[in-house]
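Chain naming here is simple, since letters A, B, ... match the order of the sequence lines and numbering starts at 1 in each. No hydrogens, no waters, no symmetry mates; every other heavy atom, side chains included, goes into these values.
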Amino acid sequence: MHLSEQELQRRKERENLLELNIEPYPSALFEVNVTTEEIKENFDSNPENFKEISIAGRMMSRRIMGSASFAEIQDEKGRIQFYVRRDDICPEEDKTLYNTVFKKLLDIGDIIGLKGFVFKTQVGEISIHVTDLKLLSKSLKPLPIVKQTEDEEGNVKTHDAFTDPELRYRQRYVDLIVNPEVRKTFIQRTQLVNSIRGFLADRGYLEVETPVLQPLYGGAAARPFKTHHNTLDMTLYLRIANELYLKRLIVGGYDGVFEFAKDFRNEGMSRFHNPEFTQVELYVAYKDYNWMMDLVEEMIEKAALDLHGTTKVQVGENVIDFKRPWKRYTMFEAIEHFTGIDISSMDEPELREVCKKLNVPVDETMGKGKLIDEIFGEQCEPLLIQPTYITDYPVEMSPLAKRHREKEGLVERFEAICNGKEICNAFSELNDPIDQRKRFEEQLELGKRGDDEAMVLDEDFLRALEYGMPPTAGLGVGIDRLAMIMTNSPSIQDVIFFPQMKAKKKPQYASEKDYVALGVRAELVPILQKIGLVTIEQLKQANPNKLFNDVCGMRKKMKLKEVKNPDLEEVKNWLV
RNA sequence: GAUUCGAUAGCUCAGCUGGUAGAGCAUCUCCCUUUUAAGGAGAGGGUCCUGGGUUCGAGCCCCAGUCGAAUCACCA
């Protein structure tokens with residue numbers, strides 16, 4: 001393993017601490033009685049409450065000025081400056097704790113505990129005057145240092161921001177340490193979930209859990225992840241939705257059930273798609289989709305209020321207002337509104353004409369429903385910024401929704417569109433088992449025609465319906481998409497702690513033993529690694545003359561005076 | 001999957017027409033006081049993503065690859 005100079009330095013510091021009988025990773029708890037936030041908010045009004053504080057966190061900056069120093073400590077809530085004076089933390093003769101430990105053996109990134117009192121500096125910054133300092137955990141890897149300054153107008157300017165998306169997502173822990181707004185985003189995501197959970201629980205609906213591993217995948221149209229159970233020797237799928245299980249529970253007699261579900265779809269990735277994502281699904285008996293629209297409006301409006309204290313949320317360049325009531329269009333109305341074309345009574349050839357005219361891409365396999373959906377998706381959806389309900393979808397696209405009570409060829413379904421994207425999907429659930437079987441069979445036909453996202457027939461679910469499911473309204477809300485909007489995040493990766501990333505290929509690093517087995521002296525191993533020959537295969541392919549040169553050159557460069565250079569014969573022997 | 005762009009010090013980035021690898025921050029040494037991106041003096045730190053090629057000479061040009069980003073496509 002290659003270590004940078006700074007990493008080696010810190011490992012050395014760790015050793016030095018041990019030699020001073022200072023445990024770099026102590027086990028005892030450290031009593032914390034205040035947070036940075038509490039100090040900053042309350043010190044001015046109640047300074048006497050902060051005479052004996054104890055706080056822990058990560059040291060994020062340090063400015064040493066001889067026998068006194070300023071540094072910053074960061075806890076979960078924020079940062080605060082602290083002031084350390086040598087003679088405060090070392091009242092006796094022995095000044096090691098300040099001169100050696102604080103100044104030399106501590107680094108930015110170390111986790112420390114402080115005791116002391118709060119005061120204000122001459123410049124007016126609330127700070128902690130430290131009387132006792134304890135190392136709680138030594139950090140061996142240097143952090144990217146992000147500095148922020150404020151100009152006279154109070155604009156915060158960030159220097160050397162840690163922005164590389166790859167590193168931020170692969171090492172989210174670093175992102176969270178140095179980019180405080182990231183921590184805030186995820187707190188808001190949790191607040192959003194809590195708000196919705198509370199809203200639904202207050203209405204008496206039951207939060208449940210249903211299988212993630214399913215023998216048949218259903219409830220949505222998507223390609224699944226496939227896996228295998230060894231003991232049962234059977235194929236299982238990671239769920240693409242939990243809809244059919246929640247409906248079974250409605251059959252079983254619960255009148256309202258919901259689940260925050262991780263779903264998995266084996267499809268493309270984009271800033272709106274992660275292979276695993278979160279939905280909350282809700283089913284309520286004896287209700288219909290009109291009732292559900294009212295509920296969703298209320299629920300999301302409340303979530304906005306809980307997070308922001310207002311129904312207005314800044315998203316990119318737009319301000320989105322979740323205040324009830326939201327605009328409602330039928331799908332046909334929306335298409336007519338945005339294109340001027342009334343397609344409500346068109347047949348398939350006429351729809352194809354319209355697509356051509358509007359430059360909507362189509363292909364042969366698309367039926368009437370898909371064509372309508374395509375027109376909507378191309379011409380309307382991206383233009384819907386404020387929360388808007390689109391209702392009454394073509395039946396072909398909605399095999400689990402109930403036929404419309406009045407309109408032929410449509411189902412009682414709605415989606416809420418916001419910022420140009422779907423945030424929820426709901427319908428009056430189809431509970432006629434005969435019709436449901438027919439719809440599944442139509443899906444099977446689509447599957448035979450090559451649609452690899454067509455639904456599969458679930459006999460057990462049909463059996464449940466045959467026992468009788470009450471009329472039910474069902475809902476699915478994409479939590480990630482909603483979180484993106486509520487936190488003003490442009491990418492789904494910004495609201496998922498550990499978004500899926502392509503695996504990094506790691507070469508099989510050879511160990512010292514592997515080199516020695518070839519006759520390489522152990523002291524030469526670091527040289528070979530430094531040259532870049534980290535696998536035996538690479539070493540074997542090296543040109544002996546060049547290798548000999550490189551080794552001697554690198555030895556000099558690394559200033560390994562005590563290491564004896566190999567001769568050419570010796571190098572050649574490694575490669576035999 | 002397609003197109004475009006990118007990869008240089010721990011971090012953020014510069015690097016001219018192909019000619020000895022640079023800055024700021026971070027790190028190390030020295031001075032230092034309630035400082036404000038504290039300051040001053042000095043030092044160390046590089047597989048210029050990988051592999052080929054062109055060339056007397058490649059961070060830079062060419063080819064292939066890896067990884068990433070953006071846009072598009074797919075995702076009812």
Answer with base, sugar-phosphate or nothing: what part of the nucleic acid does A/M455 contact at a heavy-atom distance below 4.0 Å?
base
Partner lookup for B/rU54, please. Criteria are Watson-Crick or G-U wobble with both distances under 3.5 angstrom; report none if nothing qualifies.
none
What is the pairing partner of B/rU20, taking Watson-Crick or G-U wobble pairs with both distances under 3.5 Å in any strand?
none
Could you check whether the side chain of A/S67 and the base of B/rU33 have a donor-acceptor pair of N or O atoms closer than 3.5 Å, going by distance alone?
no
Anything under 3.5 Å between a protein N or O and an N or O of nucleotides 69-72 of chain B, put it in a table, one pair a line.
none

Scan every strand shown for a Watson-Crick or G-U wobble partner of B/rG1, both distances under 3.5 Å, and answer none if you come up empty.
B/rC72
Please report whether the ring centroid of A/Y289 lies less than 6.0 Å from that of A/F427.
no
Students often get this wrong, so: under 4.0 angstrom with heavy atoms, is A/A222 touching a base, only sugar-phosphate, or nothing?
nothing
Using atom C1' of each nucleotide, how far apart are B/rA37 and B/rC25 to the nearest Å?
9 Å
Which residues pass the side-chain hydrogen bond (donor to acceptor under 3.5 Å, both in side chains) test with A/N266, sequence neighbours left out?
none
Sequence neighbours excluded, the answer for side chain to side chain contact (heavy atoms under 4.5 Å, CB included) partners of A/K407 is A/T330, A/D392, A/H404, A/L410
Quick one: do A/R271 and A/D494 make a salt bridge, cutoff under 4.0 Å?
no
For A/L143 and B/rU27, give me the distance from atom CG to atom P, rounded to whole Å.
11 Å
What's the gap between B/rG24 and B/rG40 when it is taken at their P atoms, as a whole Å value?
11 Å
Side-chain donor or acceptor of A/Q9 under 3.5 Å from a matching atom on the base of B/rU27?
no
From the list A/L133, A/T131, A/I89, A/I53, side chain to side chain contact (heavy atoms under 4.5 Å, CB included) partner of A/L114 resolves to A/L133
Nearest-angstrom distance, P atom, B/rU34 to B/rC16
47 Å
When both distances are under 3.5 Å in a Watson-Crick or G-U wobble arrangement, the nucleotide paired with B/rG65 is B/rC49
In the strands shown, is B/rG10 matched to any nucleotide by a Watson-Crick or G-U wobble pair with both distances under 3.5 Å, and which?
B/rC25
Have a look at A/F272 and say if it touches a base, only the backbone sugar-phosphate, or nothing, with a 4.0 Å heavy-atom cut-off.
nothing
Just the rounded figure in Å: distance from P of B/rG10 to CD1 of A/I177.
18 Å
Answer yes or no: does a side-chain N or O of A/R170 lie under 4.0 Å from OP1 or OP2 of B/rG68?
yes
Distance-only, no hydrogens or angles: does the A/Q379 side chain make a donor-acceptor pair with backbone N or O of A/L358 under 3.5 Å?
yes
Quick test of your reading of the model: are A/D87 and A/K95 salt-bridged, counting only N-O distances below 4.0 Å?
yes
Rounded to whole angstrom, note down the P distance from B/rA43 over to B/rU36.
27 Å
Have a look at A/E396 and say if it touches a base, only the backbone sugar-phosphate, or nothing, with a 4.0 Å heavy-atom cut-off.
nothing
